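Reviewing the structure listed below.
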Amino acid sequence: MSILGDVLRGIWVSRTGAARVIGGVARAAPGDLPFLKKLIEAGELRTVIDRRYSLEEIAVAHRYVEAGHKKGHVVILLEQARR
């Protein structure tokens, strides 16, 4: 799905009364990263990684995400892990 499609769907849903959709872009504040670090270290914030793909598998990763079945973040690995 495209960004434009998402915006148009949000407008349609808001106008038909099924739900209210509010969109926008988040802006980072200077204290955000230290705050998130503190939450993670305290165990109050966890990230769920659903799947990992190599850079060569990026098309497969996009198809997986677009299918709408992901349960967490999908990570693209830029380098092969060294052993």
Side-chain angles (χ1 to χ4, degrees):
M1 186 56 56
S2 70
I3 293 173
L4 179 58
D6 290 340
V7 170
L8 293 175
R9 185 173 15 273
I11 292 170
W12 174 256
V13 169
S14 290
R15 296 222 184 236
T16 60
R20 185 169 178 215
V21 178
I22 301 171
V25 177
R27 295 210 168 109
D32 287 350
L33 287 179
F35 175 71
L36 289 173
K37 181 179 184 263
K38 199 159 98 178
L39 289 177
I40 292 167
E41 289 172 344
E44 296 179 28
L45 179 65
R46 288 185 6 177
T47 298
V48 176
I49 297 175
D50 183 0
R51 297 196 181 179
R52 293 172 178 88
Y53 292 93
S54 68
L55 187 57
E56 292 79 25
E57 299 173 301
I58 198 163
V60 176
H62 275 276
R63 282 193 293 273
Y64 176 71
V65 170
E66 290 172 354
H69 302 298
K70 73 183 189 86
K71 303 290 186 219
H73 296 285
V74 173
V75 176
I76 305 301
L77 303 169
L78 300 178
E79 290 184 15
Q80 186 67 18
R82 295 185 183 162
R83 296 176 193 232

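Worth knowing before you read on, the calculation uses all heavy atoms, side chains too, and leaves out hydrogens, waters and symmetry mates. Owing to the predicted nature of the structure, the values given are computational and were not obtained by experimental measurement.
The OG atom of Ser54 sits 10.0 Å away from atom CG of Leu78, with the distance rounded to the nearest 0.5 Å. Here the CZ atom belonging to Arg51 is positioned 13.5 Å from the CD1 atom belonging to Ile49, to the nearest 0.5 angstrom. Thr16 OG1 to Ile11 CD1: the interatomic distance, rounded to the nearest 0.5 Å, is 12.0 Å. Distance CZ/Arg52 to CD/Glu57: 13.0 Å, rounded to 0.5 Å. For the atom pair OH of Tyr53 and NE2 of His62, the computed distance is 11.0 Å after rounding to the nearest 0.5 Å.
Under the rule for a side chain to side chain donor-acceptor pair (under 3.5 Å), the partners of Asp50 that lie at least two apart in sequence or sit in another chain are Tyr64. For Lys37, the salt bridge (charged side-chain N to carboxylate O under 4.0 Å, His left out) partners two or more places apart in sequence, or in a different chain, are Glu41.
Val48 and Lys71 make their closest contact through CG1-O, 3.9 Å (heavy atoms, listed as atom of the first residue, atom of the second, distance).
By the rule that hydrophobic residues join a cluster once side-chain heavy atoms approach within less than 4.5 Å of another member, Val75 and Ile40 end up as members of separate clusters.
More than 12 non-hydrogen atoms from other residues, nucleotides or ligands lie less than 6.0 angstrom from NZ of Lys70.
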